Amino acid sequence: MVLAQLGGSISRALQQMSNATIIDEKVLNECLNEITRALLQADVQFKLVRDMSANIKKIVNLDDLAAGHNKRKIIQQAVFNELCKMLDAGKPSFTPKKGKPSIVMFVGLQGSGKTTTCTKYAYYHQKKGFRPALVCADTFRAGAFDQLKQNATKAKIPFYGRYPKLHYKSWHAFALTNLPFRPK
């Protein structure tokens with residue numbers, strides 16, 4: 001959901017730039033400001049966004065471009081390349097090794113699809129000859145255990161976990177011991 005909003009914001013910024021009759025520094029800066037705003041709202045690190053914007057300005061030097069060059073395409077390609085560079089850490093992605101246990105934890109915002117993605121990830125590796133298992137670690141969301149159990153059963157992947165047993169007294173005692181002051 002967050003990625004869809006981010007993609008939409010970047011697409012709109014590029015579309016507005018493409019709709020401009022003349023591509024000059026003002027139009028380029030407006031486009032980069034919109035992209036910067038979208039990335040910062042999506043919690044991308046400020047330094048990465050600042051560096052990306054500076055790199056695009058270096059690549060797209062409008063004064064040095066000959067009259068026959070398509071400035072819109074050059075700007076779009078520069079934005080695309082810089083976004084790709086931002087996502088590429090320069091390291092190979094994690095690949096589990098057979099015969100050696102690997103633990104992968106999925107973390108994300110509520111409603112971003114972690115439970116479904118975990119099942120798909122486990123199913124993919126099961127088809128590759130690995131022996132994955134799913135463990136329910138979501139103790140807060142109602143239905144998390146049931147959803148993961150249903151997905152794991154459907155994909156025929158071993159599933160571990162239990163319903164969280166939360167008693168009022170134990171929760172109350174826990175809350176009292178973590179308060180910075182003790183109520184009388």
Side-chain angles (χ1 to χ4, degrees), residues 1-97 102-128 130 132 134 136-144 147-148 151 155:
M1 187 147 166
V2 174
L3 286 177
Q5 289 174 345
L6 176 60
S9 297
I10 292 172
S11 295
R12 278 190 297 280
L14 291 172
Q15 186 62 43
Q16 287 174 351
M17 183 264 312
S18 292
N19 290 340
T21 53
I22 297 173
I23 304 296
D24 57 0
E25 288 291 328
K26 182 183 175 197
V27 172
L28 175 62
N29 287 333
E30 287 174 3
C31 178
L32 289 178
N33 286 341
E34 286 299 315
I35 293 171
T36 298
R37 186 176 298 116
L39 290 169
L40 291 174
Q41 285 177 347
D43 289 333
V44 176
Q45 185 183 20
F46 175 75
K47 183 184 178 305
L48 289 173
V49 175
R50 184 189 63 209
D51 292 347
M52 182 204 72
S53 184
N55 289 342
I56 291 172
K57 285 182 180 180
K58 284 180 195 171
I59 293 168
V60 181
N61 190 349
L62 295 174
D63 298 332
D64 293 343
L65 289 176
H69 286 91
N70 187 341
K71 295 176 183 178
R72 288 173 180 82
K73 287 219 185 264
I74 292 172
I75 294 170
Q76 288 174 347
Q77 190 63 45
V79 169
F80 176 78
N81 290 340
E82 286 299 314
L83 288 172
C84 288
K85 192 188 322 179
M86 187 186 296
L87 293 173
D88 182 19
K91 299 177 188 173
S93 62
F94 170 75
T95 52
K97 294 175 181 41
S102 298
I103 298 173
V104 179
M105 181 170 71
F106 286 76
V107 179
L109 299 173
Q110 293 176 346
S112 62
K114 294 177 298 297
T115 305
T116 305
T117 304
C118 287
T119 307
K120 289 179 180 180
Y121 187 80
Y123 185 74
Y124 171 81
H125 283 88
Q126 186 179 49
K127 292 295 178 194
K128 294 284 185 184
F130 289 92
L134 293 168
C136 182
D138 189 344
T139 59
F140 296 105
R141 185 172 64 91
Q147 182 186 4
L148 191 60
N151 289 353

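Remember, predicted model here, so these are calculated numbers, not experimental data. Positions are given from 1, in the same order as the sequence printed here.
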Item checked: Test log, rule side-chain contact (heavy atoms from CB on, under 4.5 Å), inputs I35 and I56 -> CA-CA 11 Å; I35 293 171; I56 291 172; 5.9 Å; no

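- When all heavy atoms are compared, the tightest approach of Q5 to R12 is O-NH2, 4.5 Å.
- Side chains of L39 and L6 form a contact here, defined as non-hydrogen atoms less than 4.5 Å apart.
- Side-chain contact between M17 and R72: present, with at least one pair of heavy atoms (C-beta onward) separated by less than 4.5 Å.
- Within the 4.5 Å cutoff, the side chain of I22 has no heavy atoms near those of the V27 side chain.
- Contact detail for L134 and C118: the closest heavy-atom pair is CD2-O, 3.7 Å.
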Next item on the list: Step by step, work out the side-chain contact (heavy atoms from CB on, under 4.5 Å) result for L14 and E34.
Entry: CA-CA 9 Å; L14 291 172; E34 286 299 315; over 6 Å; no

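- Here the closest non-hydrogen pair linking C31 and A13 is SG-O, 3.8 Å.
- Here the shortest heavy-atom pairing between Q126 and A155 reads OE1-O, 3.4 Å.
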Check: Can you check side-chain contact (heavy atoms from CB on, under 4.5 Å) on K71 and D24, steps first, answer last?
Finding: CA-CA 9 Å; K71 295 176 183 178; D24 57 0; over 6 Å; no

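- With a 4.5 Å cut-off on side-chain heavy atoms, S9 and R37 do not count as touching.
- Listed here is the closest heavy atom pair of T115 and N151: CG2-ND2, 3.9 Å.
- With rounding to the nearest 0.5 angstrom, the CE atom of M86 is 8.5 Å from the CG atom of D51.
- Side-chain atoms of I75 and L32, non-hydrogen and from C-beta on, never get closer than 4.5 Å to each other.
- Between F106 and T117, the closest heavy-atom pair is CE2-CG2, 3.6 Å.
- Counting heavy atoms from C-beta on, the side chains of Q77 and F80 come closer than 4.5 Å.
- The number of heavy atoms from other shown groups lying within 6.0 Å of CZ (F130) is above 12.
- Annotation: Y121, atom OH; neighbour count of heavy atoms from other residues, nucleotides and ligands within 6.0 Å is above 12.
- For the atom pair L28 CG and N33 CG, the distance stands at 9.5 Å (nearest 0.5 Å).
- Annotation: the span from N55 atom CG to R50 atom CZ amounts to 11.0 Å, rounded to 0.5 Å.
- Remark: L40 CG to L48 CG distance equals 10.0 Å, nearest 0.5 Å.
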